[in-house]
Engineer: 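Submitted below is the structure of interest, expressed as structure tokens.
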There are 2 protein chains.
Amino acid sequence: MEAGLRTENRRAALVEAGLEAFGTVGFAKSSIKDICGLAGLTQRYFYESFKKKEDLLSAVYGQVVNGVLETGWANVEKPAKTPAQAVTRTLRTYYQDLLDDPRKARILYFEILGVSGRIDQEYQAATKRLVDLIAHALSRAFPALSAEQLQRTIVPTGLAGAVNLIAANWALDSYATPLEDILLQVQALAQLLDGFLKTSPEGVPA
Amino acid sequence: MEAGLRTENRRAALVEAGLEAFGTVGFAKSSIKDICGLAGLTQRYFYESFKKKEDLLSAVYGQVVNGVLETGWANVEKPAKTPAQAVTRTLRTYYQDLLDDPRKARILYFEILGVSGRIDQEYQAATKRLVDLIAHALSRAFPALSAEQLQRTIVPTGLAGAVNLIAANWALDSYATPLEDILLQVQALAQLLDGFLKTSPEGVPA
DNA sequence: CTATTGTGACATTTTCTCTTGTCAAATGCA
DNA sequence: TGCATTTGACAAGAGAAAATGTCACAATAG
């Protein structure tokens with residue numbers, strides 16, 4: 001095997017080990033040594049691919065964020081019978097991702113915060129991407145809402161916060177509430193909004 | 001001055017120094033030595049009042065949380081002419097608190113997360129208190145919504161997430177958007193909800 | 001086969017930070 | 001005033017983790 005390729009493999013192993021360490025023990029309590037142990041590598045290989053622990057967190061976070069947002073976008077484009085169905089389905093896959101791998105939830109909602117200014121910026125950028133996805137999902141599910149109009153309001157940001165806090169509380173609660181219960185409530189709200197928009201064609205004010 | 005009282009004063013100085021350190025440099029990057037320096041005390045006095053840095057964070061967080069929730073409750077009880085006005089006024093004081101002291105915002109939304117299991121529990125408890133406040137505010141502003149009904153839904157949790165993420169983004173953005181712009185949008189949404197509830201006396205389904 | 005490069009295990013250095021201890025000066029109290 | 005307690009400044013040990021270095025061995029290419 002080529003050297004460059006093996007370097008890549010080691011890097012990938014470190015990212016996977018980082019996901020495990022940060023997602024279970026936590027960022028603060030994981031040492032570089034621990035992570036290398038999980039990856040089955042010695043410490044020097046850490047410095048082969050990363051300068052410091054924070055850089056690994058950045059790589060892990062980027063991978064997780066890309067994963068959930070990709071499944072989100074893949075879902076939002078699919079046609080749906082009703083707006084409520086579209087909203088529910090998108091949210092289901094998003095939450096299902098976190099349910100399948102609680103380490104991702106922990107990194108997305110907890111470990112990423114308060115580490116450094118640079119990481120805060122990455123968090124902010126990722127939040128913005130989620131807000132964009134939500135704005136797009138809303139404008140698709142509810143054609144009465146224009147995407148441009150949504151972009152200028154705080155509504156998608158607020159909804160992103162709602163989605164995130166519900167997910168974070170759900171994770172802190174060890175996923176006690178069945179996912180379907182949460183989705184049923186969301187579905188009811190979406191149906192309400194749908195009915196409301198149909199009786200108020202003037203839409204939502206900016 | 002009595003000894004016990006001076007001990008109290010030193011403790012208060014440490015909490016204030018903790019607010020400054022955690023709220024600007026951050027929890028991870030603040031050493032006990034730094035904090036004592038800010039407080040104008042030597043390290044031994046840290047151990048007089050706290051066992052470890054985490055305990056100081058807990059004290060600082062508790063003070064900040066109590067402060068914002070108290071102003072929130074004080075406001076929510078006041079009578080208002082319209083529901084939209086009630087919502088806007090409560091939110092204004094809540095956000096104004098954070099605008100006046102950005103260190104509080106940083107601690108509330110960033111520094112508190114991912115520190116330890118114990119701190120996570122305190123965060124969860126504080127979130128629950130905010131959710132309760134919001135549920136109460138909603139049931140007061142919109143009598144059509146019963147408090148008991150609200151408690152069983154994810155709506156207040158979602159709204160708490162919305163309030164928090166909007167605040168967190170706002171803080172990360174160095175409060176670029178004028179507070180009044182945000183409040184105007186919230187007011188518009190509240191008016192919409194008010195109008196909707198008046199045409200749908202059956203209320204929101206559980 | 002042999003020289004070069006990559007690898008793995010381990011040692012070492014360095015840098016922090018926590019935590020406890022010492023002691024003289026200051027302060028409060030009888 | 002004289003005694004006891006409190007205080008402030010600093011020292012120093014303990015421990016952990018980061019970051020770098022060494023070296024024998026394995027793998028591979030020519």
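Numbers restart at 1 for each chain; the letters A, B, ... are given by sequence-line order, proteins then strands.
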Engineer: Between C1' on C:dG6 and CG on A:Asn9, what's the gap in Å once rounded to a whole number?
Structural biologist: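 Nearest whole value for this atom pair: 14 Å.
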Engineer: For B:Gln121, enumerate each residue passing the side chain to side chain contact (heavy atoms under 4.5 Å, CB included) test, keeping only those at least two apart in sequence or located in another chain.
Structural biologist: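 Side chain to side chain contact (heavy atoms under 4.5 Å, CB included) list for B:Gln121, sorted by chain: empty.
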Engineer: Please enumerate all residues that pass side chain to side chain contact (heavy atoms under 4.5 Å, CB included) together with A:Gln63, with sequence neighbours excluded.
Structural biologist: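 Only A:Val15 meet the side chain to side chain contact (heavy atoms under 4.5 Å, CB included) criterion with A:Gln63.
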Engineer: By nearest atom, which of the nucleotides D:dA9, C:dA9, C:dT7 is closest to the A:Arg6 side chain?
Structural biologist: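 When the side chain of A:Arg6 is considered, C:dT7 is the closest of D:dA9, C:dA9, C:dT7.
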Engineer: Strictly below 4.0 Å, heavy-atom distances to any atom of DNA chain D: list the hits from residues 110-120 of chain A, or just say none.
Structural biologist: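 Within residues 110-120 of chain A, no residue comes under 4.0 Å of DNA chain D.
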Engineer: Let me have the donor-acceptor pairs involving side chains of residues 32-42 of chain A, under 3.5 Å, with sequence neighbours excluded, atom names and distances please.
Structural biologist:
unit_1	atom_1	unit_2	atom_2	d
A:Asp34	OD1	A:Ser31	OG	3.4
A:Asp34	OD2	A:Ser31	N	3.3
A:Asp34	OD2	A:Ser31	OG	3.3

Engineer: Could you tell me which residues satisfy salt bridge (charged side-chain N to carboxylate O under 4.0 Å, His left out) with B:Arg103, sequence neighbours excluded, listed by chain and number?
Structural biologist: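 Partners of B:Arg103 under the salt bridge (charged side-chain N to carboxylate O under 4.0 Å, His left out) test: B:Glu16, B:Glu20, B:Asp101.
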Engineer: For A:Glu48 and C:dT5, what is the distance between atoms CD and C1' respectively, to the nearest whole Å?
Structural biologist: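 Atom CD in A:Glu48 sits about 13 Å away from atom C1' in C:dT5.
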Engineer: Please list, in numerical order, the residues of residues 13-27 of chain B that have a heavy atom closer than 4.0 Å to any atom of DNA chain D.
Structural biologist: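 Residues of residues 13-27 of chain B under 4.0 Å from DNA chain D: none.
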Engineer: What does nucleotides 18-23 of chain C look like as a protein-contact string, B for base, S for sugar-phosphate only, - for none, at under 4.0 angstrom between heavy atoms?
Structural biologist: SBB-B-
Engineer: For B:Glu54, which residues count as a salt bridge (charged side-chain N to carboxylate O under 4.0 Å, His left out) partner, sequence neighbours excluded?
Structural biologist: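 Per chain and number, B:Glu54 pairs via salt bridge (charged side-chain N to carboxylate O under 4.0 Å, His left out) with B:Arg118.
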Engineer: Under a 3.5 Å distance rule, please check whether A:Arg140 uses its side chain to pair with a backbone N or O of A:Glu77 as donor and acceptor.
Structural biologist: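 Between the backbone of A:Glu77 and the side chain of A:Arg140 there is a qualifying donor-acceptor contact (under 3.5 Å).
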Engineer: Does B:Lys81 have any side chain to side chain contact (heavy atoms under 4.5 Å, CB included) partners at least two apart in sequence or in another chain, and if so, which?
Structural biologist: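 B:Lys81: side chain to side chain contact (heavy atoms under 4.5 Å, CB included) contacts with B:Gln85.
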Engineer: Could you tell me which residues satisfy salt bridge (charged side-chain N to carboxylate O under 4.0 Å, His left out) with A:Lys128, sequence neighbours excluded, listed by chain and number?
Structural biologist: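 With neighbours one apart ignored, the set is A:Asp132.
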Engineer: Only distances under 3.5 Å count here; give the side-chain donor-acceptor pairs of residues 161-179 of chain A to other protein atoms, sequence neighbours excluded, each with its distance to 0.1 Å.
Structural biologist:
unit_1	atom_1	unit_2	atom_2	d
A:Asn164	OD1	A:Tyr109	OH	3.3
A:Trp170	NE1	A:Thr177	O	2.8
A:Tyr175	OH	A:Leu98	O	3.2

Engineer: Whole angstrom is fine here: how far is it from NZ in B:Lys29 over to C1' in D:dA18?
Structural biologist: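 So the NZ-C1' distance, B:Lys29 to D:dA18, works out to 15 Å.
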Engineer: Testing A:Leu108, A:Leu56, A:Asn66, A:Ile119 for side chain to side chain contact (heavy atoms under 4.5 Å, CB included) with A:Tyr61, which one passes?
Structural biologist: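 Exactly one candidate clears the test, A:Leu108.
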Engineer: Answer yes or no: does a side-chain N or O of B:Arg10 lie under 4.0 Å from OP1 or OP2 of D:dT6?
Structural biologist: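 Checking D:dT6 against B:Arg10, no side-chain N or O comes under 4.0 Å of OP1 or OP2.
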Engineer: Holding to side chain to side chain contact (heavy atoms under 4.5 Å, CB included), I want the full list of residues that pass it with A:Ala86, two or more places apart in sequence or in another chain.
Structural biologist: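 Applying side chain to side chain contact (heavy atoms under 4.5 Å, CB included) to A:Ala86 gives A:Ala80, A:Ala141.
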